[in-house]
Undergrad: 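First the structure, which I've put down as structure tokens, then a few questions once you've had a look.
In what follows, chains carry the letters A, B, and so on, assigned in the order in which the sequence lines appear, proteins first and then strands, with residues in each chain numbered from 1.
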Amino acid sequence: MTDAAPTARAPRLAAELLDWYDRHARAMPWRTGPAARADGVRPDPYRVWLSEIMLQQTTVAAVKPYFEAFTARWPTVSDLAAAADADVMAAWAGLGYYARARNLLKCARAVAETHDGVFPDSHDALLSLPGVGPYTAAAVSAIAFDRPETVVDGNVERVMARLHDEHTPLPAAKPILTEHARALTPPVRPGDYAQAVMDLGATICTPRNPACGLCPWRTDCAAWAAGTAPELPKKAPKKVKPTRHGIAYLARRVDGAWLLETRPETGLLGGMLGWPGTDWVSRDAALPDDAPPIRAEWRTLSEEARHTFTHFHLRLTLRVALVPMDRAPCRGEFIPAPEFRPADLPTLMRKAFDLARPR
DNA sequence: AAGGCGTGGCA
DNA sequence: TTGCCAAGCCT
């Protein structure tokens, strides 16, 4: 009984959103144009998958140049599967969440080796691949293969919370919002619908200052009627970030080579290049001992490198040295100047380099 | 199952 | 300056 009205309006809402999408869809490097779409041309699953991995917790603006660089250098999933780990990590440097890059390679190799270089089209097969969770499996299946899967990302959660004026805080509200999203997913053009509802969240139903006056769903939106749209979705309170401290050692050999090391595969900045250094500890713990990676005359810079990660602030003391030739480090290895590109470093390490580089 | 895991833009 | 936020996944 009470379900009849919302269920009946679902096809109309989907049709209205698709109409809005046809008029307002933004061009993106991983999308096919309207003309191709009308001819039934689907986007390349490799490009859809790559874009979805890059877009996890990351803005479109940040992703675009990385997507262009990756697809130019590795045009197919088999090309990517054959790449050297260090090359892929260096190409990902600056984009963050580096476990994505490690899993990207694992996934590319799994597709190349066990799927003959062809992406599977089903949600379940996609879900079994490294780095592919419920959202990405649904997105690739819907967008690349036009399967009627329900995508639920942060945008969809926000749109559903507002459409239904749902005040239960996230993450507890997730199952409710997922069910609302599932009830609206249409059997026609599910791939376009998936992108449309995310675009709506990204451009109209935004976290702050939503443009409700431009929203195709305004007259059906419970939060619009209640005036509560800007305060939804509710979220559990954040914890305060502690501050940690450590030391990084930037050694430049007289021939211009820099002493770097590849960080362990797991953990923070896993698999990325970085400056040798101490552990990072909170100030109420004993500060780490000075432990330089090579014997030299070390000098401490007056300015610390400051950086904020997901769950803590870091203040990194920088120690620099100019070291003679023929002196072996106990950690890391010297990278000759012609091969060293600061852009291959994660942002924290690049900040440290910018403070320590000779002027 | 709650916490680890980056970064840059914006108010 | 600070906090919040973005097309999540893994353990």
Undergrad: Can you tell me how far OH of A:Tyr46 sits from CG of A:Asp79, rounded to the nearest 0.5 angstrom?
TA: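 Here the interatomic distance stands at 7.0 Å.
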Undergrad: Taking all non-hydrogen atoms of both residues, which atom of A:Asp192 and which atom of A:Leu18 are closest, and how far apart?
TA: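 Minimum heavy-atom contact is CB-CD2, 3.7 Å.
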Undergrad: Apply the test side-chain hydrogen bond (donor to acceptor under 3.5 Å, both in side chains) to residues A:Arg319 and A:Thr300: give CA-CA distance (whole Å), side-chain angles for both, the deciding distance (0.1 Å), then the verdict.
TA: CA-CA 4 Å; A:Arg319 307 204 66 204; A:Thr300 301; 3.0 Å; yes
Undergrad: Where along residues 87-96 of chain A does a heavy atom come under 4.0 Å from DNA chain B, residue by residue in number order?
TA: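 The answer is A:Gly94, A:Leu95, A:Gly96.
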Undergrad: Tell me which donor-acceptor pairs under 3.5 Å the side chains of residues 61-71 of chain A have, and how far apart each pair is, sequence neighbours excluded?
TA:
from, atom 1, to, atom 2, distance (Å)
A:Tyr66, OH, A:Ala93, O, 2.8
A:Thr71, OG1, A:Phe67, O, 2.8
A:Thr71, OG1, A:Glu68, O, 3.3

Undergrad: If I take atom NE2 from residue A:His164 and atom CG from residue A:Asp220, how far apart are they, to the nearest 0.5 angstrom?
TA: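 Rounded to the nearest 0.5 Å, the NE2-CG separation comes out at 9.5 Å.
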Undergrad: Find out if a path of hydrophobic residues (ILVMFWY) with successive side-chain heavy-atom gaps under 4.5 Å connects A:Leu13 to A:Ile176.
TA: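 Different clusters.
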Undergrad: Does a side-chain heavy-atom distance below 4.5 Å link A:Pro288 with A:Ile247?
TA: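 No, their side chains stay 4.5 Å or more apart.
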Undergrad: Let me spell it out: for each of A:Arg244 and A:Asn209, pick the nucleotide of DNA chain B with the closest heavy atom. Which residue's pick is nearer the 5' end?
TA: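 It is A:Arg244 whose nearest nucleotide is closer to the 5' end.
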Undergrad: Let me know, please, whether A:Lys239 or A:Leu269 comes out on the 5' side of the other along DNA chain B by nearest nucleotide.
TA: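 Its nucleotide being nearer the 5' end, the pick is A:Lys239.
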Undergrad: Would you call A:Arg47 and A:Asp44 a salt bridge, taking side-chain N to carboxylate O under 4.0 Å as the test?
TA: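 Judged by the 4.0 Å cut-off on N to carboxylate O distance, A:Arg47 and A:Asp44 do not form a salt bridge.
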Undergrad: Using a heavy-atom cut-off of under 4.0 Å over every strand shown, decide if A:Gly267 touches base, sugar-phosphate, or nothing.
TA: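 Sugar-phosphate contact only - A:Gly267 comes under 4.0 Å of backbone atoms but never of a base.
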Undergrad: Remember a base hit wins even if backbone is also touched, and classify A:Lys235 as base, sugar-phosphate or nothing at under 4.0 Å, heavy atoms.
TA: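 Touches sugar-phosphate only.
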Undergrad: Nearest heavy atom decides the nucleotide; on that basis, is A:Val60 or A:His313 closer to the 5' end of DNA chain C?
TA: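 Its nearest nucleotide being more 5', the pick is A:His313.
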Undergrad: If the threshold is 4.0 Å, N to carboxylate O, is there a salt bridge linking A:Asp199 and A:Arg31?
TA: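 A:Arg31 and A:Asp199: salt-bridged.
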Undergrad: Let me confirm one number: the CG-CD distance from A:Leu17 to A:Gln195, rounded to the nearest 0.5 Å.
TA: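 It is 11.5 Å, given to the nearest 0.5 Å.
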Undergrad: Is there a donor in the side chain of A:Thr203 and an acceptor in the side chain of A:Arg26, or the other way round, less than 3.5 Å apart?
TA: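 Side-chain D/A pair, A:Thr203 to A:Arg26: absent.
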Undergrad: Output the residues of residues 66-77 of chain A in contact with DNA chain C, where contact means a heavy atom of the residue under 4.0 Å from an atom of the strand; sort by number or write none.
TA: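 Here the set is empty: none.
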Undergrad: As an exercise, state the distance from CD1 of A:Ile53 to CG of A:Asn103, rounded to the nearest 0.5 Å.
TA: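 Answer for the CD1-CG pair, A:Ile53 versus A:Asn103, is 8.0 Å.
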Undergrad: Which part of the nucleic acid, if any, lies within reach of A:Arg263 when heavy atoms closer than 4.0 Å are counted: base, sugar-phosphate only, or nothing?
TA: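 No contact at all - A:Arg263 keeps every heavy atom at 4.0 Å or more from the nucleic acid.
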Undergrad: Within residues 15-30 of chain A, find the residues that approach DNA chain C with a heavy atom at under 4.0 Å, and present them sorted by residue number.
TA: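 A:Arg26, A:Met28 - these, ordered by number, are the residues of the stretch whose heavy atoms sit under 4.0 Å from the strand.
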Undergrad: With a strict under 4.0 Å distance from non-hydrogen atoms of chain A, what nucleotide opens and what nucleotide closes the contacted stretch of DNA chain B, reading 5' to 3'?
TA: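 Using the under 4.0 Å cut-off, the span is B:dG3 to B:dG8.
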Undergrad: Report the residue (A:Met198 or A:Arg208) whose heavy-atom-nearest nucleotide on DNA chain C is the more 5′ of the two.
TA: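 Closer to the 5' end of DNA chain C: A:Arg208.
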Undergrad: Any side-chain N or O of A:Arg158 under 4.0 Å from OP1/OP2 of C:dC5?
TA: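 No.
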Undergrad: Taking atom C1' of C:dG3 as reference, at what distance in whole Å does atom NE2 of A:His311 sit?
TA: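 My rounded result for the distance is 17 Å.
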Undergrad: Where do A:Pro45 and A:Phe145 come nearest, in terms of heavy atoms and distance?
TA: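 Reported closest heavy-atom pair: CG-CZ, 3.6 Å.
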Undergrad: Checking all strands, does A:Arg102 fall into the base, sugar-phosphate, or nothing category for heavy-atom contacts under 4.0 angstrom?
TA: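 If one applies the 4.0 Å heavy-atom cut-off, A:Arg102 turns out to touch nothing in the nucleic acid.
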Undergrad: Tell me the interatomic distance from A:Leu55, atom CG, to C:dA6, atom P, rounded to whole angstroms.
TA: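 One finds 14 Å between P of C:dA6 and CG of A:Leu55, rounded.
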Undergrad: Suppose we call two aromatic rings close when their centres sit under 6.0 Å apart. Are A:Phe309 and A:His307 close by that rule?
TA: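 Ring-ring flag for A:Phe309/A:His307: true, centres closer than 6.0 Å.
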Undergrad: Once you round it to whole Å, what is the distance between P of C:dG8 and CD of A:Glu52?
TA: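 Between P of C:dG8 and CD of A:Glu52: 9 Å.
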Undergrad: Reckon A:Thr58 touches a base, only the sugar-phosphate, or nothing at all at heavy-atom distances under 4.0 Å?
TA: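 Counting heavy atoms under 4.0 Å across all strands, the contact made by A:Thr58 includes a base.
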Undergrad: Please determine whether a side-chain nitrogen or oxygen atom of A:Gln57 lies at a distance below 4.0 Å from atom OP1 or OP2 of C:dG8.
TA: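 Answer yes for this pair, as a side-chain N or O of A:Gln57 is under 4.0 Å from OP1 or OP2.
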Undergrad: CG of A:Asn209: more than 12 outside heavy atoms within 6.0 angstrom?
TA: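 Check fails, neighbour count at 12 or below.
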Undergrad: Quote, to the nearest angstrom, the P distance that separates B:dG6 from C:dT11.
TA: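 One P to the other, the span is 14 Å.
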Undergrad: Around atom CG of A:Asp279, are there more than 12 heavy atoms from other residues, nucleotides or ligands closer than 6.0 Å?
TA: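 At most 12 heavy atoms, drawn from other residues, nucleotides or ligands, come within 6.0 Å of this atom.
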Undergrad: All N/O contacts under 3.5 Å from nucleotides 9-11 of chain C to the protein, with atom names and distances to one decimal?
TA:
from, atom 1, to, atom 2, distance (Å)
C:dC9, OP1, A:Gly133, N, 2.8
C:dC9, OP1, A:Gly133, O, 3.3
C:dC9, OP1, A:Thr136, N, 3.0
C:dC9, OP1, A:Thr136, OG1, 2.9
C:dC9, OP2, A:Tyr135, N, 3.4
C:dC10, OP1, A:Gly131, N, 2.6

Undergrad: With rounding to the nearest 0.5 angstrom, report the CE to CZ distance, A:Met160 to A:Arg182.
TA: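 That separation rounds to 12.0 Å.
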Undergrad: Using a heavy-atom cut-off of 4.0 Å across all strands, would you classify A:Lys241 as base, sugar-phosphate, or nothing?
TA: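 Nothing: the residue A:Lys241, judged by heavy atoms under 4.0 Å, touches no strand.
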Undergrad: To the nearest angstrom, how far is A:Leu170 atom CG from C:dG8 atom P?
TA: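 Rounded to whole Å, this separation is 12 Å.
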